[in-house]
Amino acid sequence: MPIRFGSAPSTVAQLSHRGAEVLRRRPYDLGVAKAAAVQYSCSECGAATARWLGRCPSCGSFGTLLEEARPTGRVGLAPAEARALLRLAEVEAADAERLPTGVAELDRVLGGGLVPSSLVLVSGDPGIGKSTLLLMALQTLSKERRVALVTGEESAAQVKLRAERLGGAEDVLVLAETNLDLVCETLARERPEVCVIDSVQTLYAPELGSAPGSVAQVREAAGRLLRLAKEEGIATFLVGHVTKDGAVAGPRVLEHLVDCVLQFEGDRYRSHRVLRAAKNRFGSTNELGVFEMTSKGLLGVADPSEVFGRGEPDQPGSVVACALEGTRPLLLEIQALVAPSDLAMPRRVGTGVDPKRLAMIVAVLGRHAGVPLGQADVFVNVAGGVRIDEPGADLGIALAIASAARRAAVRGGLACFGEVGLTGRLRPASQAERRLGECAKLGLLEALAPEGTADRGKLRVTSAATLRQAVALALDAVGSQEG
Ligand code: TYD
Ligand code: MG
């Protein structure tokens, strides 16, 4: 059938390929708006395409593109409405006073308390303790300020039960609602100083038509709450679940919108939880908060080294390393297991360590430190579900592996830190003073560190120039054997 363009050929020429297809099928229906009414958004990264694709062109995920309504275009403004530009000198910047949440570890990760009018995303696996943490914060905040909890996941009665378990939170205002329009209207009228939305994935804007938790809904909800936070001065925590499958939009689509992204991590089957900032417009991103989940809620762990830094003396494969998390040195037990392997590509499995770093350390051990691992599976684990991304922990990982491979325990009372270079030399780690202080505080006797690190008080500092030297110094020479 010949294509009839009607009276608007220029419009057709502007249509996308898909739009033209629609016209071809229905020659009388020149609904331009219809052709452009849907788009496909990736539930992983939020990228939008005009056509459905099996694989997201932006992030490469498969099967994550979902149909949604295309946002309507902007209306043009008259030139007179344009805004004036401001010189930075004229900008008023009140040094924002921070609101202490009463949860010391949360305040630390936020950079010293909650900033008024900020939007903070708290993400983490279901059941990790996000609702508990934020309810505890609201509990303290409610003593001096108006605070509200919008709950879409639990009923108000369930929240009350939890609050009673945590020791009461009578003054927290609760709204059990999932309709975004109602939530925004209520917040705009009530204007609490702090508000928690638990969770952003349960909110839905009826006019969008897609299911709650879809990319379009989550983005719309976050966008409107952001405007509300800035315009009405409501500091807002958004709770977001992390899921791997595309059904519920991951909080990743929100990361660029919000001021802070806090990640709540840890093993839900063990009691320790780690809170870290992945993004923070008002502070450092490498602060770490450590909690323990108890029957009375989350308890801050003021001294995590005490919990994580107890090695197993006399056990081959266990080493205490001193890593630095933000401003805070942290002693961690690193465990390794080296087992003979028949695999053509032996396994290198690390929990809490960067896989690339682990592969590099295994290679350096084999090439420069006389610990060949080509025929062995290597497993490394960091105690307490903590993740270390800091190069200063390299030496700890290397020594744990060497100790396991040689089946020789590391000398008791010894902690180590230092970066391992590709040539097998050790590089000084940053803030050695701080790390040594932490080792001394925990009553360790000796620190093994790269050359150029000075003694400190009772703590003896043994320095090594290369990884080979460090391995020889750390392992009890007696009884050591090649594994
Ligand atoms: P929750 O805050 O509901 O997790 P999320 O909001 O991230 O899904 O916490 C879930 C777990 O915490 C749950 O398994 C029960 C446990 N928990 C305690 O152990 N002690 C407590 O006092 C509370 C409130 C929860
Ligand atoms: Mg919850």
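Just follow the structure's listing: the first ligand is 1, and inside any ligand the first atom is 1. Bear in mind the structure is a predicted one, so any value in this text is a computation, not a measurement.
By the 4.0 Å heavy-atom criterion, Thr294 is counted among the residues contacting ligand 1.
Heavy-atom contacts of Ser295 reach the following atoms of ligand 1: 22 (O) (cutoff under 4.0 Å). Those atoms of ligand 1 that come under 4.0 Å of a heavy atom in Pro126, given as number and element, are 8 (O). Close contacts of ligand 1 with Lys296, meaning ligand atoms under 4.0 Å from a residue heavy atom, involve 22 (O). Listed by number with element, the atoms of ligand 1 under 4.0 angstrom from any heavy atom of Met293 are 12 (O), 16 (C), 17 (N), 18 (C), 19 (O), 20 (N).
Contact of the Phe282 side chain with the Leu110 side chain is not registered, since no non-hydrogen atoms from C-beta on lie closer than 4.5 Å. Counting only heavy atoms from C-beta outward, the side chains of Leu395 and Phe417 never approach each other to under 4.5 Å. In this structure, Leu141 and Glu193 have side chains that are not in contact, with every pair of non-hydrogen atoms separated by 4.5 Å or more. Considering only heavy atoms from C-beta on, Ile401 comes within 4.5 Å of Leu358 through its side chain. Using a 4.5 Å heavy-atom cutoff, the side chains of Arg348 and Leu373 are in contact. Between Leu331 and Cys439, some side-chain heavy-atom pair lies under the 4.5 Å cut-off.
Of all the listed residues (Leu298, Val122, Thr132, Leu133), Thr132 holds the heavy atom that lies closest to atom 2 (O) of ligand 1. Considering Ser131, Ser199, Ala163, Ser123 only, the shortest heavy-atom separation from atom 6 (O) of ligand 1 involves Ser131. By heavy-atom distance, the residue among Arg165, His241, Arg273 lying nearest atom 23 (C) of ligand 1 is Arg165.
Around the CD atom of Glu185, the shell of radius 6.0 Å holds no more than 12 heavy atoms that belong to other residues, nucleotides or ligands. Summarising the local packing, CG of Leu343 is surrounded by more than 12 heavy atoms from other residues, nucleotides or ligands at distances under 6.0 Å.
When distances to the Mg ion (ligand 2) are checked against a cut-off of 2.8 Å, Thr132 contributes no N, O or S atom below that limit.
In terms of polar-atom proximity, defined here as any N/O pair under 3.5 Å, Glu154 makes no such contact with ligand 1. Ligand 1 has no N or O atom lying under 3.5 Å from any N or O atom of Asp198, backbone or side chain. Considering backbone and side-chain N/O of Gly127, one or more are found under 3.5 Å from N/O of ligand 1. Considering backbone and side-chain N/O of Gly129, one or more are found under 3.5 Å from N/O of ligand 1.
Heavy atoms only, all atoms of each residue included: Leu426 and Pro450 are closest at CB-CB, 4.0 Å.
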